[in-house]
Amino acid sequence: MDDISALIKEAKPLYFARKKRNNRIKAALCSLVLLIGIGSFYPRESSYNFSYDYYLFGTEFSVSETSSVIEEMGFPVDEYGLLMVG
């Protein structure tokens, strides 16, 4: 019985030290997640100027009154110039 109580006395400070360390790690990770979450909602000062010219480069279509863009691409269209499905 003395061996068990000696082991408990020896392990008790190690157990509490490990428990304290794990709680500190958990608190640090929760703080980091909380800061990142709050920071994601923080308004940014830089404004973005979207230039769609990069995406539309090389995709010029001529628009006319008599034909549609879909018809010029070679797809089947109906009398209104809309894509024919069935």
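Bear in mind that the values here come from a model prediction, so they are computed numbers and not experimental data.
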Task: From R21, K20, K26, residue fulfilling side chain to side chain contact (heavy atoms under 4.5 Å, CB included) relative to R24 - done: K20
Open item on the list: Can you tell me how far apart SG (C30) and CG (L34) are? Round to the nearest 0.5 Å.
Closed with: 8.5 Å
Open item on the list: Starting from I36 and following side-chain heavy-atom contacts under 4.5 Å between hydrophobic residues (I, L, V, M, F, W, Y), which residues can be reached?
Closed with: L32
Open item on the list: With a 4.5 Å cut-off on side-chain heavy-atom distances among I, L, V, M, F, W and Y, is there a chain of contacts connecting M73 to L83?
Closed with: yes
